[in-house]
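Everything on this sheet refers to the single structure shown next.
Values reported hereafter were calculated over all heavy atoms of this structure, with side chains retained and with hydrogens, waters and symmetry mates removed. Naming: A, B, ... by sequence-line order, numbering from 1 per chain.
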Amino acid sequence: MNRFAYASPATVTEAAAATGLVAEAMVTFDESAVLKAGGIDLLDLLKLELLTPSVVVNLRAIKGLDAITQDAAGNVAIGAMATLSQVAEHPLVRGSYPALATAIAGAAGPQLRNVATLGGNLLQRPHCWYLRSPAHHCLRKGGGHCFAIHGENQYHAIFDNHACAIVHPSTAATALVALNAEVELHDAEGATRRLPLEDFFVGPDDDIQRENALRPREVLTAIHLRKPASGTRMAHLRQGEKAGFDWPLADVAVVLAIGPDGVCREASVVLGAAAPVPHRARAAEQALQGRHPGEAAAGDAARAALRGATPLSLNAYKLALFETLVRRAILAALA
Amino acid sequence: MNAPFEGIGASMKRKEDLRFISGHGHYVDDINRPGQLYAYIKRSDRAHAELRGIDTAAAKASAGVVAVYTSADLTGIGGLPCGWQIHNKDGSPMAEPAHPVLASGKVRHVGDPVAVVIAETKQQAKDAAEKLVVDYKDLPAVATVTDAVKPGAAQVHEGAAGNVCYDWEIGDKGAVDAAFAKAAKTVKLDLTNNRLIPNAMEPRAAIGEYDPTTGEHTLYTTSQNPHVIRLLMGAFVLQIPEHKLRVVAPDVGGGFGSKIYHYAEEAIVTWASGKLAQPVKWAAERNESFMSDAHGRDHVSTAELALAADGTFLALRVKTLCNMGAYLSTFAPAVPTYLYATLLAGVYKTPAIYAEVKAVFTNTVPVDAYRGAGRPEASFLLERLVDVAARDTGMDRVEIRRKNFIPKDAFPYQTPVALQYDSGDYVSTLDAAMKHADWAGFPARRAAAKAKGKLRGIGMSTYLEACGIAPSKVVGSLGARAGLYEVANIRVHPTGSVTVFTGTHSHGQGHETTMAQLVSDQLGVPFSQVEVVHGDTSKIPFGMGTYGSRSLAVGGSAMVKAMDKIITKGRKIAAHLLEAAVEDVEFKDGKFTVAGTDRSKTLSEIALTAYVPHNYPIEELEPGLDETAFYDPKNFTYPGGCHVCEVEIDAETGVVSVVNFTAVDDVGRVVNPMIVEGQVQGGVAQGIGQALLENAVYDQDGQLLSGSFMDYTMPRADNLPNIKVGTETTLCTHNPLGVKGCGEVGAIGSPPAVINAVVDALSDYGVRHLDMPASPQKIWSIIQGAPRMAAE
């Protein structure tokens, strides 16, 4: 681990400014300044020297960033510094967004969830053993190629994997994209902007060296969730090699808006651990919309969800895994 | 009212746990010596490279740095020795390349130490190590045994042509070939035994200290066998005579074999502390454990079985390639030979067996004994092969086993592969396991699972292993460069309490309890009055340490022998005090009694007399009550048993759940049933880990991909069922306690039971075999390659 200065500002604006100590630096992928929320993934990255910042900017001293609130219209805002435990256990989340609570409750283990924050979880680096190996100078680290594409790729992407085959590691992100969440970003001038979470994540085709749209001198401060329409049903399912302390092999979030007539008005089907960013399965969503969802529709949607997948040499098993999880998640949402 | 029973057979709570669970365990890294410096080892990040130079100037100038050493500085230091020499088929000795303490000329695996930085703080040492500039010239690398033996493969050592360490054989090839030629049926199976990383909870650590006034070196180290480290490091590496070298292995947090071996860091801190005249501490970080602790297993084998028309086994032929890694670890050559191929008879009366074992160097971490060591590889091969034979010949898996068991009246039984089994009753463990596992009720459970869309399978292994290593003369003739006896010193103090000094070592097994029970039982001293001391060469006369489930069978037997001396002397003292003939004095329940009378003296009265010899046969008998015994075992012991595993597979995802596991083992006499149960459960957990989850993955260039807990899948509680443990006992016939050993049975018996169950669950898909770990990926591939079940 390298030596670094440690800043612990009291406000978000100061924090955003602190990350700009070195101009033109990207905050999350920066060699010079990084934000520290819970510090879980950051510590690993520092120990592996995948990050060698000159400044670590601590966000924990900023008051109020962990609030979970509901406005008069029933929309919910989750502060980026709310811990995973706080989010998963919060009555507003459990009541209105049970798929998010489930997705988070399956992440890591209890001790980590007590420290890890939702913002940090969304911004963690991908879990690819080539990316995390100091010995592999891969494309994402400025090297010449992706080792996974022709290597040990059993845990890697089955979609959008022709340049770099990382998968997005956050199960919370899977659920939040399915819930059409927005992120709130705060810059050093005190201005804020909001962006759908789905657009916030950046795939390797758009920029191989970044994983999100956070700009220099910008801090992720909150996640916004719209009040679910009546008749909304949802589920999140994961499958790992272990039930805890492990990244999923596959995870799926499904959010369905069912009308009074039993017809599916809107459907969100999102796959995690499938692609470099949470993967929205549009064909699956179309297979559900306008239908009375049940076994048949779920099966059609599950098959549609995997259409266009480009599995690598060792990960075609994920197709069956995802197909099963999508079908089961739809049925679980309806149950 | 009688005192509560505390002797052999009582489930006494573990004495040592009070300090462990209350945070008072004292491990090497808890020890800090005055003026202590910290060492950080710079390790190779290349699998194979020429080491053209190391620029140490910047590191030496770094804050707090006291010294930087490379191999050039280690003048007069020997390489790390190998403790076992195997001979090739042609009688020539194995290739035994030098294993330098710090890499010299070349680096041969990721993790190979290239330099050491010693500084005032650990962080300063680590910071300075980053300033070392190592000039590597990369060389092609090989990571797998199959690649290493290909023509044109990169050569790991100049002295090992074709990367072969040895090409060894055992058994009667002619008899086996003849049996195959006339066999009614033959069965062939290719299988691999996956490479594992031990992952003891406590990473390795070592502190060297030198006292210039006495010239004595002390090494505190995370070792399973401090006397062996003293012997190897003193005699072969640093040339320090034993009387000037003390090795202390305090509380050690798990070993599973990985802490048997003499490692470079032990020599480095001992040497450097002498040179600097200041204590030097090194403690591994977890990522160093992954790349420097000896790994386990890593075999690729072909097994063939010849059968008569009725299913009787006629002959077994086995060909195995095994991975030694980049250098020979201390006992590595013995593992795939005398701890593996000699076990290939298993519990079966197969009359002819022939095995060829080729050990191969690769650019990977050295491989050595890991919980079970050779025997899990043998049991996996054999118990898979027997299941496949049943399948291929249409016989019942249980009946084919029963038919070929060595019957219980056949002992002692000489196998065709060197070992002579002393006792066993394989039918009794099989019957008990089937009963506890409700084997008969399985079809109903399978049908119920199928109704839920799950594939349910049941599998068993009827395994055997060899423990209590081992008769010195025998192992000497097989290439061991050490005797394998054990030593006990029993000290009865003047007031009657007892200290037991044992050459074995406890690193989680509960010896302080089991051995105290044993001594309490035999000497009639309360359990609370017996203290067991291990792990310090300055306190314990000698010892060979703990591995191969030997502590009770060999170490406990040495205690019995020492206690016999105590009792013999006590009878003489009692005879004097009671004015009786020695032959009339009996010893029972802690009392010396004149036969047929009520005249007696307690052991504590005898002890007091021995130390205060006012009324004492001083002309014939020395004062004191303190005896030492060396016990050399007459044979191995042969624990065995039957493990039954039941799994459910989600056919849609390929995920396996172990739903039931039953282990019925014959470990000989049981001293503490609770500890035996815990040992078996721990071993089964590691076996299930190997069967379903664990795998050391190297890329083709020799980089360890699964080099952290993020990527190396250790089993957790949710991967394990409630493990039912039973014992069926036949006594070992050649040691005084009748004990066999229980430390490894779980890891040896369980992997084939799990895979047999998985294969059974997939029987509708025509699956014949799959290699470990049985990941969803592998199961999916199998299901894909097979015709779908008729009913979905």
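Within 6.0 Å of the CD atom in A:E295, the count of heavy atoms belonging to other residues, nucleotides or ligands does not exceed 12. For A:H150, the NE2 atom is loosely surrounded, since the number of other residues' heavy atoms within 6.0 Å does not exceed 12.
Distance OG/B:S706 to CD/A:E152: 9.0 Å, rounded to 0.5 Å. Distance check, rounded to the nearest 0.5 Å: CG of A:D246 to CZ of B:F709 gives 13.0 Å. Rounding to the nearest 0.5 Å gives a distance of 14.5 Å between OG1 of B:T713 and CZ of A:F245. Taking CG of B:D699 as the reference point, atom OG of A:S133 lies at 8.0 Å (rounded to 0.5 Å). With rounding to the nearest 0.5 Å, the separation of CD in B:Q777 from CG in A:N315 is 8.0 Å.
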>> Let's go through A:E49 and B:E130 carefully: what are the C-alpha distance in whole Å and the side-chain angles of both, what is the deciding distance for side chain to side chain contact (heavy atoms under 4.5 Å, CB included) to 0.1 Å, and is it a yes or a no?
In response: CA-CA 11 Å; A:E49 305 201 327; B:E130 286 173 18; 2.9 Å; yes
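Between A:K47 and B:E285 there is no side-chain heavy-atom pair separated by less than 4.5 Å. By the 4.5 Å heavy-atom criterion applied to side chains, A:P134 and B:D45 are not counted as neighbours. When side chains are defined from C-beta on, B:V655 counts as touching A:Q239, because their heavy atoms get closer than 4.5 Å. Between B:D711 and A:H127 there is a side-chain heavy-atom pair separated by less than 4.5 Å. Contact check for A:R328 versus B:D650: side-chain heavy atoms found under the 4.5 Å cut-off. With a 4.5 Å cut-off on side-chain heavy atoms, A:R327 and B:E652 count as touching. Side-chain contact check for B:M710 versus A:W247: some heavy-atom pair is nearer than 4.5 Å. Annotation: side chain of A:Y317 is not in contact with side chain of B:I779 (no heavy-atom distance under 4.5 Å).
Contacts of A:N2 with chain B are absent, with no heavy-atom separation under 4.5 Å from either backbone or side chain. Looking at A:L249, the atoms closer than 4.5 Å to chain B (heavy atoms on both sides) all sit in the side chain, from C-beta outward. Contact of A:A316 with chain B is made through backbone and side chain together, with heavy-atom distances under 4.5 Å. With a 4.5 angstrom heavy-atom cutoff, B:Q123 touches chain A only via side-chain atoms.
What you find for B:V697 and A:W129 is that their closest heavy atoms are CG2-CH2, 4.1 Å.
A:E241 pairs in a side chain to side chain contact (heavy atoms under 4.5 Å, CB included) with only one of the listed residues (B:L692, B:L693, B:N719), which is B:L693.
A salt bridge links A:R3 to B:D127: one of the charged nitrogens lies within less than 4.0 Å of a carboxylate oxygen.
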